[in-house]
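Below you'll find the structure, written out as structure tokens, and then a few comments.
Computed from a predicted structure; not experimentally measured. Reminder, nothing fancy here: chain letters follow the sequence lines and each chain counts from 1.
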Protein chains: 2
Amino acid sequence: MVKDKGTEQLIKDTAKKIFFAEGKLHATTQDIADAAGVNRTLVHYYFRSRKILFEQVAEEALEELRQIMSSIFIGKLSFKEKLKKLISVFIDETSALPYRELFLITETNRHNQGLEDQVHDTHVKPFLADIKEEMDKGNITVMDPRQFMINLFSLMAYPLLASTLSKGFMRISDHEYIQMMKQRKQLIFEMIYPNK
Amino acid sequence: MVKDKGTEQLIKDTAKKIFFAEGKLHATTQDIADAAGVNRTLVHYYFRSRKILFEQVAEEALEELRQIMSSIFIGKLSFKEKLKKLISVFIDETSALPYRELFLITETNRHNQGLEDQVHDTHVKPFLADIKEEMDKGNITVMDPRQFMINLFSLMAYPLLASTLSKGFMRISDHEYIQMMKQRKQLIFEMIYPNK
DNA sequence: TTAATATTTAACATTTTTGTTAAATAAAGA
DNA sequence: TCTTTATTTAACAAAAATGTTAAATATTAA
């Protein structure tokens with residue numbers, strides 16, 4: 001593997017790949033070092049401890065999720081267009097890194113710490129207000145805007161998170177599943193934002 | 001804790017509680033023994049190794065998911081009633097054990113083994129056929145029946161699986177979140193099975 | 001009761017994972 | 001160049017987790 005951005009970054013990126021892309025939540029520092037093709041001591045040299053590496057990775061995962069949200073909500077698109085964009089971006093991102101949320105969830109459970117997050121005021125609150133407004137306009141089904149948001153993220157995230165189970169139960173091949181995930185962009189939009 | 005069903009069962013039940021209810025996927029045999037209030041050696045006495053305990057727990061998790069499916073599909077209810085029942089049962093079950101699927105997913109990823117499951121022919125295939133039929137009747141929106149099924153399970157499972165993230169981002173209290181999950185039974189049904 | 005069996009415990013051993021130290025090598029600046 | 005600093009490695013140490021053994025206790029059936 002190329003170490004263009006330096007070894008420290010390489011280690012962190014490799015850890016993310018193992019956790020977020022491969023879903024190997026039990027990976028050890030040795031596993032990470034091996035995958036990165038470096039001596040395990042470097043993990044300690046750059047991060048001092050496994051715990052700190054994990055915390056950095058978790059913090060950046062959270063930051064990445066924030067980025068997705070903010071990338072959508074800058075610019076003056078209509079709600080409808082924002083929604084389309086969010087679905088497309090989120091599904092693309094999550095297809096590449098399906099287990100990122102899962103990592104956050106399990107790390108949070110591991111240390112019995114809920115997450116007090118600032119993303120609420122900057123992104124979630126305005127988004128919920130937009131949803132409310134769109135309901136008042138009669139464009140989407142009226143419900144608790146938070147339920148709307150939960151529905152949206154459920155439909156986007158779950159099939160990628162649980163692809164192993166879905167594919168197993170429904171006997172869908174890897175290739176076809178990818179196709180289906182692409183189709184979901186349109187499908188989710190139509191469910192959430194019905195034409196009439 | 002009472003050991004009515006014997007210590008072996010107690011250990012297994014405790015492991016399930018830690019994995020499925022608390023989402024502590026990194027729990028050690030010591031953690032499990034402590035939570036069960038027994039000597040760790042008993043884990044080895046009854047299960048020989050940590051690996052075997054995990055495999056048994058995973059196999060039973062899978063069996064429990066099958067049970068949910070079959071409990072719905074015996075009896076001669078209409079599709080509409082089956083759907084209502086499935087949503088209600090699944091959400092109740094998953095509220096109690098939100099991380100059961102997550103355990104299966106991570107254990108599957110850990111050992112690079114997909115799951116070749118017999119549940120397909122007995123439950124999933126007939127369910128998909130029912131969905132198709134209902135679409136032909138014009139009762140539900142026409143789409144790939146597998147997408148319908150994915151939507152259904154996404155809407156049911158994800159909010160419970162990712163409750164930590166949802167509550168954190170949207171600033172919802174534990175108590176209120178439970179209320180919202182109850183409301184989702186009706187809400188999901190209406191999304192999936194629209195009145196007109 | 002007693003002998004056989006099942007269950008539980010403590011002590012020990014091994015393996016795995018994590019963390020530390022010091023030395024070797026490479027890179028960069030004076 | 002030489003000297004300082006950064007990076008990497010190997011060897012070692014400590015801790016954590018898993019697995020094994022044998023003895024103690026409880027249970028059961030003859």
Side-chain angles (χ1 to χ4, degrees), chain A residues 1-20 22-60 99 102-103 106-113, chain B residues 1-20 22-60 99 102-103 106-113:
Chain A
M1 186 164 282
V2 207
K3 39 181 166 179
D4 34 2
K5 291 163 293 177
T7 307
E8 180 170 0
Q9 195 59 41
L10 170 68
I11 291 171
K12 215 190 295 184
D13 288 346
T14 304
K16 285 181 179 179
K17 197 180 100 196
I18 291 177
F19 294 139
F20 303 168
E22 297 169 16
K24 304 239 169 98
L25 305 185
H26 300 271
T28 65
T29 52
Q30 187 66 257
D31 295 332
I32 296 165
D34 288 351
V38 303
N39 190 292
R40 187 180 56 82
T41 316
L42 290 184
V43 176
H44 291 92
Y45 177 74
Y46 289 113
F47 299 95
R48 197 157 77 256
S49 75
R50 170 201 164 95
K51 193 164 173 257
I52 292 173
L53 171 60
F54 272 53
E55 283 167 0
Q56 281 198 27
V57 168
E59 184 45 56
E60 291 184 21
Y99 304 108
L102 212 144
F103 178 82
T106 56
E107 286 302 310
T108 306
N109 286 339
R110 188 129 85 121
H111 309 103
N112 284 322
Q113 44 156 350
Chain B
M1 184 163 283
V2 206
K3 39 180 164 178
D4 34 1
K5 290 163 295 175
T7 306
E8 179 169 358
Q9 195 60 41
L10 170 69
I11 291 170
K12 215 191 296 184
D13 288 346
T14 305
K16 285 181 178 177
K17 197 180 101 195
I18 291 177
F19 295 139
F20 303 167
E22 297 169 17
K24 304 238 168 98
L25 305 184
H26 300 271
T28 65
T29 53
Q30 187 66 258
D31 294 332
I32 295 165
D34 288 350
V38 303
N39 190 291
R40 186 180 57 81
T41 315
L42 291 184
V43 175
H44 292 92
Y45 177 74
Y46 288 113
F47 299 95
R48 196 156 79 254
S49 76
R50 170 202 163 96
K51 193 165 173 254
I52 292 174
L53 171 61
F54 272 54
E55 282 167 0
Q56 280 198 27
V57 168
E59 184 44 58
E60 291 184 19
Y99 303 107
L102 212 144
F103 178 82
T106 55
E107 286 302 309
T108 306
N109 286 338
R110 187 128 87 121
H111 308 103
N112 282 323
Q113 44 157 329

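Taking atom CD of B:Gln30 as the reference point, atom P of C:dT17 lies 18 Å away to the nearest angstrom. Rounded to a whole Å, the CG atom of B:Asn39 is 20 Å from the P atom of C:dA6.
Taking 4.5 Å as the limit, every side-chain heavy atom of B:Tyr45 sits out of range of all side-chain heavy atoms of B:Thr7. Using a 4.5 Å heavy-atom cutoff, the side chains of A:Tyr99 and A:Thr106 are not in contact. Considering only heavy atoms from C-beta on, B:Glu107 comes within 4.5 Å of B:Phe54 through its side chain.
A:Thr28 is linked by a side chain to side chain donor-acceptor pair (under 3.5 Å) to A:Asp31, counting only residues two or more places apart in sequence or in another chain. Scanning for side chain to side chain contact (heavy atoms under 4.5 Å, CB included) contacts around B:Asp34 gives B:Gln30, with sequence neighbours left out. Contacts of B:Phe20 classified as ring pair (Phe, Tyr, Trp, His ring centres under 6.0 Å), with partners at least two apart in sequence or in another chain: B:Phe103. Remark: A:His111 engages no residue in a ring pair (Phe, Tyr, Trp, His ring centres under 6.0 Å) (not counting sequence neighbours). Partners of A:Gln56 according to the side chain to side chain contact (heavy atoms under 4.5 Å, CB included) rule, which considers only residues two or more places apart in sequence or in another chain, are A:Lys12, A:Phe47, A:Ile52, A:Glu60. Residues meeting the side chain to side chain contact (heavy atoms under 4.5 Å, CB included) test with B:Asn39, sequence neighbours left out: B:Thr41.
For the contact set between residues 42-55 of chain A and DNA chain C, defined by any heavy atom under 4.0 Å, the members are A:His44, A:Ser49, A:Arg50. Contact check of residues 22-29 of chain B against DNA chain C (heavy atom, cut-off under 4.0 Å) returns no residues at all.
Judged by distance alone with a 3.5 Å cut-off, a donor-acceptor contact links the side chain of B:Arg40 to the base of D:dT18.
Every pair passing salt bridge (charged side-chain N to carboxylate O under 4.0 Å, His left out) that includes a residue from residues 37-55 of chain B is listed here, sequence neighbours excluded: B:Lys51-B:Glu55.
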Every protein N/O lying under 3.5 Å from an N/O of nucleotides 21-27 of chain C:
none

